Amino acid sequence: MTAIESIIQSATAEALKTLFGADVPAKQITINDTRKEFDGDVTVVIFPLLRFTKKKPEESGELIGAYLKDNLDIVEGFNVVKGFLNIGLTKSYWHGVLQYIYDHEQFAFGPSGGQKIMVEYSSPNTNKPLHLGHLRNNILGYAVSGLLEANGHEVIKTNLINDRGIHICKSMIAWQKWGNGETPASTGMKGDHLVGKYYVEFDKQYKLQIIQLVAQGFTEAEAEKQAPLMMETQEMLRQWEAGNEEVMSLWRTMNQWVYDGFEETYKNLGVSFDQIYYESDTYLIGKEVVMEGLEKGIFFKKEDGSVWVDLTDRGLDEKILLRADGTSVYITQDIGTADKKYADHHMDRSIYVVGNEQDYHFKVLKEICLKLGRKHAEGIQHFSYGMVDLPSGKMKSREGTVVDADDLMAEMIETVKQRTEELGKIDGFTEAEAEELFKTIALGALKFFLLRIEPRKGMLFNPEESIDFHGYTGTFTQFNYARIRSIVRKFESKDNIPDIIPSVDWESLEMELVQMISRFPRMLADAGEQLNPAAVVDYAYNLAKHYSKYYAEVPILGIQDVEVKTFRVMLSAVVARTIKQAFAIVGINVPERM
RNA sequence: GGCCGCGUAGUUCAAUGGAUAGAACAAGAGUUUCCUAAACUUUAGAUGCAAGUUCGAUUCUUGCCGUGGCUACCA
């Protein structure tokens, strides 16, 4: 089905050619949806065309409008307001659109055969559990992946686990000293939380040592370096790099606890990965690449033996790639991982879902890969999103204001349960069905809340608002889906839904709904191009909102006329399908009853 | 200091350079013999400041003010 936009664009270009002898590329012609307060369905913006028509806006509009009416049988009429040519399309055109959409369930999705795109998201450290910030990352990463798939791209979802380095050694040291052999099994604690507990314990004890040392006359900086705990941790890191079996064994054990914990969280969240990379596997590749660059003279060595890259010609600074002692820094492993990812998949693009605090890091990474002449360099794209703040301010682990991901999900489910029971919404549900409903609503609320804001922007997470069920929420959208399903079930219990949508007169709300649905493909394409799941969520909500008004004002099953009733049910079914599809793309489920 | 973002109703968010800047929450006033009231209707309320480009600027440019991030041999 050709989009109405391009039909009008081409015809307008044709009109300009015929009437004024002007060659204007069809795509340059601006087409808008006609604003509600004017008559018409689509609008051609005439102002930019005046230099071709050499006439006043009104006159130009009239001439082009007349041409379109004469040459396009789907044009029923037109009017010109200032520089805007509003075009009304025939009823039979819209009826045909609706029938087409009804028949083609996948009408909004892009054709397959797009690019091969890797999306890396989540990428946690293994020293503590996931928190609210990770939640935004995971939900965005999953949604962006779905959005790209919906646009016909092949997506490889990956997770790069940051499983080595000083942070995990801190948890290990603390567990050795004060853990008393605790395990997830012995404590009943989720593995990631158990390891996180010892990370916190380390920090506590470490601070005490610093205070003591400062009291003994050391400066703060000296104390931080010389605290026995820190010395021990650094020694452990050296032993890890040397492959000390005892250390490796503890490392493997504790990391496994964390992986098991993460897996549970991912499962509850409903996100997944096609491949998991571990930094412990890739950081050595990074070192090799750096040495390669050094040999080729792309990088240089300083007197102390550290290796650097000079990016001043690209407007950036010099950046260290290997420490003087030969150990790698953060970007070292990223260079290696980028190589490995490409060797594994040969993708066209590689998207990194990482917070905007690392904007500079990814600029540097891309420049380095470019300097190295890597084929994958151009395809590196940092999907940068803003931080999540709380009403009380920034989340700070030191001040214990971090919102834990598992706790948050559990609390939201509990709130949904209470509210749902109060409203008597689960009469006739089995216990399993009820549990599933609570989860669908709670996670829908959470995901909608995190996705509704444009990724680039920082966001405020207000716990009370996030679990609000009214207004601009996932719950409202789900509710309208469930209402439609209820109607369709009732209709189907008595009548069959035909293949052909009855041709009846439309209410204005029905016309609005059809037009909204017809914009689904364009919305998906735009959102996919801009990597903006917020647009998808916004679309689904708006469709639900319009339907809600329709539902309140227009009787559906209550109407006598069978044709009208059937039409309304079929239109409703298409609305429901669209809401479900839009939500599914960004990872939100919908309930059949609620 | 330098670099990169962001400033829109009381609040949280929208608006490919297009018409009278949209929602939601909160506040006020209403709606249920009828398909799920987790609903609907309705009132009031906003582009930080100053220039510039343009037929037209919330959008693009510059300056100022405010705010956040980066500016680690942390990740």
Side-chain angles (χ1 to χ4, degrees), chain A residues 30-32 34-38 43 45-48 50-51 57 81-84 86 123 125 127 162 164-167 279 302 304 306-308 315-317 319-325 327-334 354-361 363 384 386-387 389 391 394 416 419-420 422-425 441 449 452-454 456-462 464-466 468-473 475-480 482-491 522 526 529-530 534-535 538 541-542 545 548-559 565 568-569 572 593-594:
Chain A
T30 308
I31 309 290
N32 290 340
T34 303
R35 292 185 65 118
K36 239 182 172 177
E37 54 269 34
F38 300 98
T43 296
V45 183
I46 299 297
F47 295 111
L50 299 183
R51 61 196 177 99
V81 181
K82 290 187 276 182
F84 299 94
N86 303 316
S123 304
N125 291 348
N127 61 330
N162 182 8
R164 56 147 228 126
I166 199 86
H167 56 274
E279 193 193 314
K302 288 200 176 175
D304 64 356
S306 55
V307 180
W308 294 70
L316 304 171
D317 294 324
K319 176 81 184 175
I320 189 160
L321 303 177
L322 276 182
R323 296 190 185 100
D325 65 1
T327 57
S328 60
V329 293
Y330 176 47
I331 201 149
T332 320
Q333 68 82 20
D334 257 344
V354 179
N356 63 10
E357 58 196 353
Q358 294 192 36
D359 285 356
Y360 184 75
H361 172 81
K363 264 185 203 166
S384 169
M387 296 290 104
D389 290 334
K394 289 176 63 66
V416 168
R419 183 86 183 122
T420 306
E422 275 168 26
L423 290 170
K425 290 277 186 179
I441 296 173
F449 193 80
R452 67 195 237 278
I453 290 156
E454 204 182 328
R456 182 169 32 90
K457 294 189 176 169
M459 69 169 292
L460 188 74
F461 186 87
N462 185 326
E464 284 167 28
E465 282 178 23
S466 73
D468 193 351
F469 304 127
H470 308 283
Y472 193 45
T473 63
T475 311
F476 174 89
T477 312
Q478 290 172 326
F479 173 65
N480 281 287
R483 274 163 142 187
I484 297 175
R485 296 301 301 156
S486 171
I487 283 180
V488 173
R489 277 194 303 273
K490 281 184 181 161
F491 183 87
R522 200 172 83 210
D526 289 348
E529 213 161 293
Q530 295 161 21
D538 188 68
Y541 165 77
N542 269 310
K545 192 178 96 130
S548 189
K549 186 179 169 71
Y550 176 61
Y551 183 94
E553 291 182 11
V554 179
I556 299 167
L557 296 177
I559 196 89
K565 191 201 307 192
R568 290 180 181 173
V569 169
S572 299
R593 291 185 292 155
M594 71 183 276

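Labels below follow one simple rule: chain letters A, B, ... track the order of the sequence lines, proteins then strands, and each chain is numbered from 1. What you see is a predicted model, and the numbers here were worked out from it, not measured in a lab.
If you check every strand for non-hydrogen atoms under 4.0 Å, Asn462(A) touches nothing. At a threshold of 4.0 angstrom between heavy atoms, the contacts of Asn86(A) include nucleobase atoms, whether or not backbone atoms are also involved. Within the nucleic acid shown, Lys425(A) comes within 4.0 Å of at least one base atom, counting heavy atoms only. Counting non-hydrogen atoms under 4.0 angstrom, Leu460(A) reaches the backbone sugars and phosphates but no base. As judged by a 4.0 angstrom heavy-atom cut-off over every strand, Thr473(A) is placed among residues making no nucleic acid contact. Nucleic acid contact class of Asn542(A) (heavy atoms, under 4.0 Å, all strands): none. Using a 4.0 Å heavy-atom criterion, one finds that Phe479(A) contacts the bases of the nucleic acid, with or without backbone contacts as well. Here Gln478(A) lies out of heavy-atom contact (under 4.0 Å) with every strand. Backbone-only contact: Val329(A) has heavy atoms under 4.0 Å from sugar-phosphate atoms and none from a base. At the heavy-atom level, Phe476(A) lies under 4.0 Å from the strands shown only through sugar-phosphate atoms. Backbone-only engagement by Ile453(A) is indicated by non-hydrogen atom pairs under 4.0 Å involving sugar-phosphate atoms exclusively. At the heavy-atom level, Tyr541(A) lies under 4.0 Å from the strands shown only through sugar-phosphate atoms. Contacts of Arg593(A) with the nucleic acid, taken as non-hydrogen atoms under 4.0 Å apart, include base atoms. Residue Pro48(A) is in base contact, counting any heavy-atom pair closer than 4.0 Å across all strands shown.
Residues Val45(A) and Pro48(A) approach most closely at O-CD, 3.4 Å, considering heavy atoms.
Nucleotides A39(B) and C55(B) have their P atoms positioned 48 Å apart, rounded to a whole Å. For the C1' atoms, the distance linking G45(B) with A21(B) amounts to 13 Å, nearest Å. Spacing of C1' atoms, A26(B) relative to U58(B), comes out at 24 Å, to the nearest Å. For the C1' atom pair drawn from U67(B) and A23(B), the interatomic distance equals 25 Å after rounding to whole Å. Rounded to whole Å, the P atom of C13(B) lies 33 Å from the corresponding atom of G56(B). With both ends at atom C1', the span from A29(B) to C34(B) equals 24 Å, rounded to whole Å. Using atom P as the reference point in both U53(B) and G2(B), the two lie 28 Å apart (nearest Å). Annotation: C64(B) and A24(B) have their P atoms spaced 39 Å apart (nearest Å).
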Subject >> Strand RNA chain B as a dot-bracket string - pairs counted if Watson-Crick or G-U with both distances under 3.5 Å, | where the partner lies in another strand >> reply: (((((((..((((....[...)))).(((((.......)))))....(((((..]....))))))))))))....
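Side-chain atoms of Arg164(A) never come within 3.5 Å of backbone atoms of Glu279(A) as a donor-acceptor pair (strictly under, hydrogens ignored). At least one donor-acceptor pair closer than 3.5 Å links the side chain of Thr420(A) to the backbone N or O of Val416(A).
Scanning for side chain to side chain contact (heavy atoms under 4.5 Å, CB included) contacts around Phe479(A) gives Lys425(A), Arg483(A), Met594(A), with sequence neighbours left out. With sequence neighbours left out, the side chain to side chain contact (heavy atoms under 4.5 Å, CB included) criterion links Glu357(A) to Met387(A). Under the rule for a side chain to side chain contact (heavy atoms under 4.5 Å, CB included), the partners of Tyr360(A) that lie at least two apart in sequence or sit in another chain are Leu316(A), Asp317(A), Val364(A). Contacts of Glu529(A) classified as side chain to side chain contact (heavy atoms under 4.5 Å, CB included), with partners at least two apart in sequence or in another chain: none.
Looking at heavy atoms from C-beta onward, Tyr550(A) lies in side-chain contact with Ile556(A) at the 4.5 angstrom threshold.
No option in Phe469(A), Tyr541(A), Phe449(A) other than Tyr541(A) meets the ring pair (Phe, Tyr, Trp, His ring centres under 6.0 Å) test with Phe476(A).
Comparing Tyr472(A) and Lys549(A), the nucleotide of RNA chain B nearest to each residue sits closer to the 5' end for Tyr472(A). Map Arg489(A) and Met459(A) each onto its nearest nucleotide of RNA chain B; the residue landing nearer the 5' end is Met459(A).
Within a 6.0 Å radius of CD in Glu37(A), more than 12 heavy atoms belonging to other residues, nucleotides or ligands are found.
Note: Arg489(A) CZ to Ile487(A) CD1 = 10.5 Å, rounded to the nearest 0.5 Å.
Heavy-atom contacts of chain A under 4.0 Å fall on RNA chain B between two terminal nucleotides, which in 5' to 3' order are C4(B) to A75(B).
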